[in-house]
Asks: 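One structure follows; several queries about it will come next.
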Amino acid sequence: RGLFICNEGNFQYGNATLSYYDPQTKSVENEVFYRANAMKLGDVAQSMVGRDGVGWIVVNNSHVIFAIDVTTFKEVGRITNLTSPRYIHFLSDEKAYVSSMYSDQLTIINPKTYSIIGSVTVPKNTAISGHTGSTEEMVVIGNHLYVTCWSYEKTIVKIDTSTDKVVATLEVGLQPASLVKDRNGKLWTICDGGYEGSPVGYEAPVPCRIDPEKMTVEARYPFSKGDYLSKLRINGTGDQLYWLNNGVPYRMNISDTELPATTAFDTKESYFYALTIDPENNDIYLADAIDYQQPGIVYRYSATGKCL
């Protein structure tokens with residue numbers, strides 16, 4: 001067991017890398033993709049998913065997804081000709097969906113053949129010059145895929161996975177990005193509110209709890225303008241939510257009716273960039289990108305917020 005770290009690199013520099021951390025020995029290996037394959041990973045390593053011994057690395061600005069053996073780090077396949085891919089979500093061994101930052105097309109792929117087999121057109125609800133639509137994070141519940149429409153958008157889209165047709169949309173707030181499912185079968189998202197001067201407006205960020213069957217917002221937890229929320233994640237038991245607010249990590253139980261007033265983490269770091277959770281032991285990993293030029297740092301915390 002281990003943790004893969006996608007190091008994005010700098011946009012248009014093609015200097016993304018992959019690192020591997022062993023929690024037992026507390027040791028890290030850098031540049032594992034390059035060392036195993038004698039080639040660079042590409043431009044902006046956006047995300048990675050592990051499935052049945054294969055790691056799927058989404059490289060955004062290189063428009064490619066690499067599949068690697070998670071033990072040897074060697075490439076076993078790749079999917080090319082994707083438009084600004086962001087995340088991959090598996091439905092089965094022969095079907096997965098890939099979201100895009102600069103397209104209203106959710107791409108359907110066959111992971112076995114490393115090929116594109118179709119697409120779903122996701123409706124846009126903002127009309128600004130040059131806007132192409134956007135899809136981001138995904139969750140499957142039953143026979144439906146739920147996807148956030150993030151950049152300049154406001155909705156969560158529900159797709160029938162048997163027909164690949166959009167069956168419902170829900171407006172939740174400006175720029176919903178992260179999406180998770182809790183132990184009660186509810187969806188949670190964070191609308192980051194955009195930015196000052198955005199052509200589609202600027203709002204206070206708000207986490208939302210959603211009934212996926214009825215496609216209704218059940219609860220909102222509004223913040224203030226100036227707050228910036230990102231990286232909503234949930235623990236392995238599906239009852240604790242985590243996110244970053246202006247780089248500070250927070251934790252909230254799904255049954256809480258009020259937002260946490262202070263961070264639950266014992267940290268002196270001023271700004272974290274990314275967050276993930278080990279689904280088996282609920283260890284939390286927080287990444288500090290520092291100045292986006294030098295090598296960054298990943299901190300490992302217990303579920304109670306103590307640095308390990």
Asks: What do you reckon, are the aromatic ring centroids of Tyr228 and Tyr195 less than 6.0 Å apart?
Replies: no
Asks: Is Asp283 salt-bridged to Arg300, going by a charged N under 4.0 Å from an acidic O?
Replies: yes
Asks: How are the rings of Tyr301 and Phe265 set to each other: parallel, tilted or perpendicular (split at 30° and 60°)?
Replies: perpendicular
Asks: Would you mind checking if Lys95 and Asp164 are paired as a salt bridge, meaning a charged N to carboxylate O distance below 4.0 Å?
Replies: yes
Asks: Ignoring hydrogens and angles, tell me if any N or O in the side chain of Ser119 forms a donor-acceptor pair with the backbone of Thr107 under 3.5 Å.
Replies: no
Asks: Tell me, do Pro249 and Phe272 make a side-chain contact under 4.5 Å, heavy atoms counted?
Replies: yes
Asks: Take Val167 and His144, measure what side-chain contact (heavy atoms from CB on, under 4.5 Å) needs, and give me the verdict at the end.
Replies: CA-CA 9 Å; Val167 295; His144 294 98; 4.0 Å; yes
Asks: So does Asp69 pair up with Lys74, basic N to acidic O under 4.0 Å?
Replies: no
Asks: Can you name the closest pair of heavy atoms from Ala16 and Ala45 and give their distance?
Replies: CB-N, 3.5 Å
Asks: Just so I know, are the side chains of Val59 and Gln46 near enough to count as touching, which here means a heavy-atom distance under 4.5 Å?
Replies: no
Asks: Could you please spell out the steps behind the side-chain hydrogen bond (donor to acceptor under 3.5 Å, both in side chains) verdict for Asp160 and Asn143?
Replies: CA-CA 6 Å; Asp160 187 323; Asn143 295 322; over 6 Å; no
Asks: Do Tyr221 and Asp256 have side chains that get closer than 4.5 Å, going by heavy atoms?
Replies: no
Asks: Can you get from Ile284 to Tyr273 by hopping between Ile, Leu, Val, Met, Phe, Trp and Tyr side chains that sit under 4.5 Å apart?
Replies: no
Asks: Count I, L, V, M, F, W, Y as connected when their side-chain heavy atoms are under 4.5 Å apart, and connections chain through other members. Are Ile79 and Tyr102 then in the same cluster?
Replies: no
Asks: Is the closest side-chain heavy-atom distance between Ile234 and Asp182 below 4.5 Å?
Replies: yes
Asks: Over all heavy atoms of both residues, which pair between Leu229 and Ile190 is shortest? Give the atoms and the distance, please.
Replies: CB-CG2, 3.6 Å
Asks: Distance-only, no hydrogens or angles: does the Asn37 side chain make a donor-acceptor pair with backbone N or O of Met39 under 3.5 Å?
Replies: no
Asks: Checking ring pair (Phe, Tyr, Trp, His ring centres under 6.0 Å) between Phe66 and each of Tyr34, Phe73, Phe33, which is the one that passes?
Replies: Phe33
Asks: Surrounding CD of Glu218 (heavy atoms of other residues, nucleotides or ligands, distance under 6.0 Å), is the total greater than 12?
Replies: yes
Asks: Kindly give the heavy-atom pair with the smallest separation between Pro111 and Ser92, and that separation in Å.
Replies: CG-O, 4.4 Å
Asks: With side-chain hydrogen bond (donor to acceptor under 3.5 Å, both in side chains) as the test, would you mind laying out the steps for Asp278 and Asn282 before giving the verdict?
Replies: CA-CA 5 Å; Asp278 186 323; Asn282 290 323; over 6 Å; no
Asks: Kindly indicate whether the side chain of Leu174, heavy atoms from C-beta on, has any atom under 4.5 Å from the side chain of Val200.
Replies: yes
Asks: Cluster question for you: counting only ILVMFWY and a side-chain heavy-atom cut-off of under 4.5 Å, with indirect links fine, are Val180 and Tyr250 together?
Replies: yes
Asks: Counting the benzene-type ring for Trp, do Tyr285 and Tyr299 have ring centres under 6.0 Å apart?
Replies: no
Asks: Could you go through the side-chain hydrogen bond (donor to acceptor under 3.5 Å, both in side chains) check for Glu94 and Asn110 one step at a time?
Replies: CA-CA 5 Å; Glu94 297 184 0; Asn110 184 332; 4.8 Å; no
Asks: So for atom CD, which belongs to Gln294, do other residues, nucleotides or ligands contribute more than 12 heavy atoms lying within a distance under 6.0 Å?
Replies: yes
Asks: Under 3.5 Å, is there a donor-acceptor pair between the side chain of Asp104 and the main chain of Pro123?
Replies: no
Asks: Is there a donor-acceptor contact under 3.5 Å from the side chain of Arg220 to the main chain of Val172?
Replies: yes
Asks: Between Val298 and Tyr292, is there a shared hydrophobic cluster once you connect ILVMFWY residues whose side-chain heavy atoms come closer than 4.5 Å?
Replies: no
Asks: Which heavy-atom pair separates Asn246 from Tyr271 by the least distance, and what is that distance?
Replies: O-CD1, 3.4 Å
Asks: Are any of the side-chain nitrogens in Arg1 or Asp22 under 4.0 Å away from the carboxylate oxygens of its partner?
Replies: no
Asks: For Asn30, look at atom CG and say whether over 12 heavy atoms of other residues, nucleotides or ligands are found less than 6.0 Å away.
Replies: yes
Asks: Which residue in the set Lys181, Arg183, Arg251 passes salt bridge (charged side-chain N to carboxylate O under 4.0 Å, His left out) when paired with Asp239?
Replies: Arg183
Asks: Mind checking whether Val28 and Tyr20 have side chains closer than 4.5 Å, heavy atoms only?
Replies: no
Asks: Under 3.5 Å, is there a donor-acceptor pair between the side chain of Ser302 and the main chain of Lys306?
Replies: yes
Asks: Decide, yes or no, whether a salt bridge links Glu196 with Lys225 under the criterion of side-chain N to carboxylate O below 4.0 Å.
Replies: no
Asks: Is the side chain of Lys165 donor-acceptor paired with the backbone N or O of Ile159 at a distance under 3.5 Å, no angle test?
Replies: no
Asks: Hey, is Lys186 close enough to Asp211 for a salt bridge, meaning N to O under 4.0 Å?
Replies: yes
Asks: Without swapping roles, check the side chain of Ser178 against the backbone of Leu232 for a donor-acceptor pair under 3.5 Å.
Replies: yes
Asks: Are any non-hydrogen side-chain atoms of Ile156 and Val147 less than 4.5 angstrom apart?
Replies: no
Asks: Under a single-linkage definition using a 4.5 Å side-chain heavy-atom cutoff for Ile, Leu, Val, Met, Phe, Trp and Tyr, are Val98 and Val54 assigned to the same hydrophobic cluster?
Replies: yes
Asks: For the residue pair Ser19 and Asn7, establish whether any side-chain heavy-atom pair is separated by less than 4.5 Å.
Replies: yes
Asks: Taking the side chain from Thr155 and the backbone from Val157, do they hold a donor-acceptor pair closer than 3.5 Å?
Replies: no
Asks: How far apart are the C-alpha atoms of Ile65 and Ile57, what are their side-chain angles, what is the distance that settles it, and do they pass the side-chain contact (heavy atoms from CB on, under 4.5 Å) test?
Replies: CA-CA 5 Å; Ile65 297 176; Ile57 311 163; 5.8 Å; no
Asks: Identify the heavy atoms of Gln105 and Ser100 that sit nearest to each other, and give their distance.
Replies: O-CB, 4.1 Å
Asks: Under 4.0 Å between a side-chain nitrogen and a carboxylate oxygen: does that hold for Arg51 and Asp93?
Replies: yes
Asks: Taking the six-membered ring for Trp, is the centroid-to-centroid distance between Tyr152 and His131 below 6.0 Å?
Replies: yes
Asks: Give me the one residue out of Phe4, Tyr97, Phe90 that meets ring pair (Phe, Tyr, Trp, His ring centres under 6.0 Å) with Trp56.
Replies: Phe90
Asks: For residues Thr189 and Pro176, report the shortest heavy-atom separation together with the two atoms involved.
Replies: OG1-CB, 3.7 Å
Asks: Do the side chain of Ser151 and the main chain of Met101 share a donor and acceptor less than 3.5 angstrom apart?
Replies: no
Asks: Is the backbone N or O of Ser84 less than 3.5 Å from a side-chain atom of His63, with the two atoms forming a donor-acceptor pair by type?
Replies: yes
